[in-house]
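One structure below.
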Amino acid sequence: QMIKKDSLPYKLYQKAKRHGIWNPVDIDFSQDKEDWKKLTPDQQQEVLIQFAQFIGGEEAVSEDILPMIMAVTKKGWFEEESYLSTFLFEEAKHAEFFSLFLEEIGVTEDLSHLLTSGHRKLFDDVLPRTMNRLLEDQSTEAMIDAAVTYNIFAEGVLAETGYWFFYEALSKANLFPGFIEGIRNVKRDEGRHIGFGTFLIQRLIHEKPELFERVQERLQELLPIAY
């Protein structure tokens, strides 16, 4: 079949090839290591609580994207499949980035005890259940639920806002330059991920316009998890 070169997923695929090829191991964390030592124990604990959410979320979304890739493949949506192949690569790289940062500043313990109850509910229950449904059910309804939960809520509402606040705070405090460099790359990748999710939802609503209300209802169901 001819590739739809004017489609958004194909354009995002091209952008991912141009802008998504950054390597976490190339980031210099030497100053970050020194900055970490300057923080008080309470400040270090605050940072670790944020990091626990970030790394836990990135590991979870890396694992949970596979059913969506399989679903668009079954539908024969080659352009979406092409883009999602970069999506998985980038999510794994984000998890690697956070892990490397923690290793460089000397934090080696398991941080899972710092995860919030909302984080556990979303990433241990709601997200995997919603995504795994796609293995058996590629209906428009199941696809919309997956895109809203994964791309719009987990990546847009939670991750993107969390990264932004953390990025702004550290930039103003002139702390962790290596981490800031990496987050800048992560945010650029996530922008493409959210853009894809928005496109996918629009495509699905075009198939069944009555499902627009389902998008709103799904977001309303998920929002309490963020608090």
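- Screening Phe98, Phe101, Trp36 for a ring pair (Phe, Tyr, Trp, His ring centres under 6.0 Å) involving Phe29 leaves a single residue, Phe101.
- The CD atom of Glu155 sits 7.5 Å away from the CD1 atom of Ile65 when rounded to the nearest 0.5 Å.
- Glu136 CD: 12 or fewer foreign heavy atoms inside a 6.0 Å radius.
- Here the closest non-hydrogen pair linking Gly20 and Phe89 is O-CE2, 4.2 Å.
- Closest approach of Trp22 to Lys93, counting heavy atoms only: O-NZ, 2.8 Å.
- Within the structure, the side chain to side chain donor-acceptor pair (under 3.5 Å) test picks out the following pairs touching residues 42-57 (sequence neighbours left out): Thr40-Gln43.
- At a threshold of 4.0 Å, the pair Glu80-Lys75 does not count as salt-bridged, since none of the basic side-chain nitrogens sits closer than that to a carboxylate oxygen.
- Between Leu122 and Leu158 the shortest side-chain heavy-atom distance falls below 4.5 Å.
- Screening Phe54, Tyr163, Phe166 against Phe179 for a ring pair (Phe, Tyr, Trp, His ring centres under 6.0 Å) leaves a single residue, Phe166.
- Here the OG1-CG distance, from Thr86 to Leu84, works out to 7.5 Å after rounding to the nearest 0.5 Å.
- Among Lys15, Arg192, Lys187, the single residue meeting the salt bridge (charged side-chain N to carboxylate O under 4.0 Å, His left out) criterion with Glu90 is Arg192.
- Between the Thr130 side chain and the Val126 main chain, a donor and an acceptor come within less than 3.5 Å of each other.
- Hydrophobic clustering of Ile, Leu, Val, Met, Phe, Trp and Tyr side chains at less than 4.5 Å, counting indirect connections, unites Ile3 with Leu200.
- Going from atom CG of Leu102 over to atom CD1 of Ile105 covers 5.5 Å, rounded to the nearest 0.5 Å.
- The closest side-chain heavy-atom distance from Val157 to Glu160 is not below 4.5 Å.
- Checked by atom type and distance alone, the side chain of Asp64 never pairs as donor or acceptor with a backbone atom of Met131 at under 3.5 Å.
- The two atoms that bring Asp35 and Pro177 nearest to each other are OD2-CD, 3.6 Å, heavy atoms only.
- The same ILVMFWY cluster, assembled from side-chain heavy atoms under 4.5 Å apart, contains both Phe153 and Ile205.
- Counting heavy atoms from C-beta on, the side chains of Glu190 and His94 come closer than 4.5 Å.
- Under 3.5 Å, the side chains of Ser7 and Glu79 contain no donor-acceptor pair of N or O atoms.
- Atom CD1 of residue Ile49 and atom OG1 of residue Thr116 lie 10.0 Å apart, to the nearest 0.5 angstrom.
- Using a 4.5 Å cut-off on side-chain heavy atoms (C-beta onward), Glu103 and Thr108 make no contact.
- Using the six-membered ring where Trp is involved, Tyr83 and Phe87 have ring planes that are perpendicular, over 60° apart on the 30 and 60° scheme.
- Hydrophobic cluster membership is shared by Tyr13 and Leu88, with clusters built from Ile, Leu, Val, Met, Phe, Trp and Tyr side chains linked at under 4.5 angstrom.
- Met68 and Leu135 fall into different hydrophobic clusters, defined by Ile, Leu, Val, Met, Phe, Trp and Tyr side-chain heavy atoms under 4.5 Å apart, directly or through other members.
- No more than 12 heavy atoms of other residues, nucleotides or ligands lie within 6.0 Å of NZ in Lys121, so this atom counts as exposed by the packing criterion.
- In this structure, Asn174 places its CG atom where only 12 or fewer heavy-atom neighbours from other residues, nucleotides or ligands lie under 6.0 Å away.
- Put simply, NZ on Lys208 and CE on Met143 are 12.5 Å apart, with the number rounded to the nearest 0.5 Å.
- Counting heavy atoms from C-beta outward, Pro9 and Phe199 have side chains that approach closer than 4.5 Å.
- Of all non-hydrogen atoms in Ile27 and Gly182, the two that sit nearest each other are CD1-CA, 3.7 Å.
- Here the rule is side chain to side chain contact (heavy atoms under 4.5 Å, CB included) with Phe97, and of Ile183, Asn23, Asn185 only Ile183 fits it.
- Within the 4.5 Å cutoff, the side chain of Ser85 has no heavy atoms near those of the Ile69 side chain.
- Partner Val47 forms a side chain to side chain contact (heavy atoms under 4.5 Å, CB included) with one of Leu39, Val107, Leu170 and no other, that one being Leu39.
- Under a hydrophobic clustering in which Ile, Leu, Val, Met, Phe, Trp and Tyr are joined whenever their side-chain heavy atoms come within less than 4.5 Å, directly or via other members, Leu12 and Val186 fall into different clusters.
- The two residues Pro128 and Phe123 make their nearest non-hydrogen contact at CD-O, 3.3 Å.
- Nearest approach of His119 to Gly56, heavy atoms of both residues: NE2-C, 3.8 Å.
- Leu134 CG to Leu66 CG: the interatomic distance, rounded to the nearest 0.5 Å, is 11.5 Å.
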Discussion item. Between Glu221 and Arg218, is the salt bridge (charged side-chain N to carboxylate O under 4.0 Å, His left out) condition met? List the steps.
Written reply: CA-CA 5 Å; Glu221 289 171 9; Arg218 184 67 176 170; 3.5 Å; yes

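- Without hydrogens or angle criteria, Tyr167 side chain to Ile180 main chain gives no donor-acceptor distance under 3.5 Å.
- Residues Arg120 and Ser112 bring no donor and acceptor atom of their side chains to less than 3.5 Å of each other.
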Discussion item. Run the side-chain contact (heavy atoms from CB on, under 4.5 Å) test on Ile201 and Leu211 for me, step by step, so that the C-alpha distance in whole Å, both residues' side-chain angles and the decisive distance to 0.1 Å come before the verdict.
Written reply: CA-CA 10 Å; Ile201 290 168; Leu211 291 180; over 6 Å; no

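- Remark: Arg214 does not engage Glu217 in a salt bridge, criterion side-chain N to carboxylate O under 4.0 Å.
- Both tests pass for Arg203 against the ring of Trp77: distance under 6.0 Å to the centre and angle within 45° of the axis.
- Counted by atom type alone, His193 and Asn151 present zero donor-acceptor pairs between their side chains at under 3.5 Å.
- Crowding of Glu168 atom CD: a count of heavy atoms from other residues, nucleotides or ligands under 6.0 Å exceeding 12.
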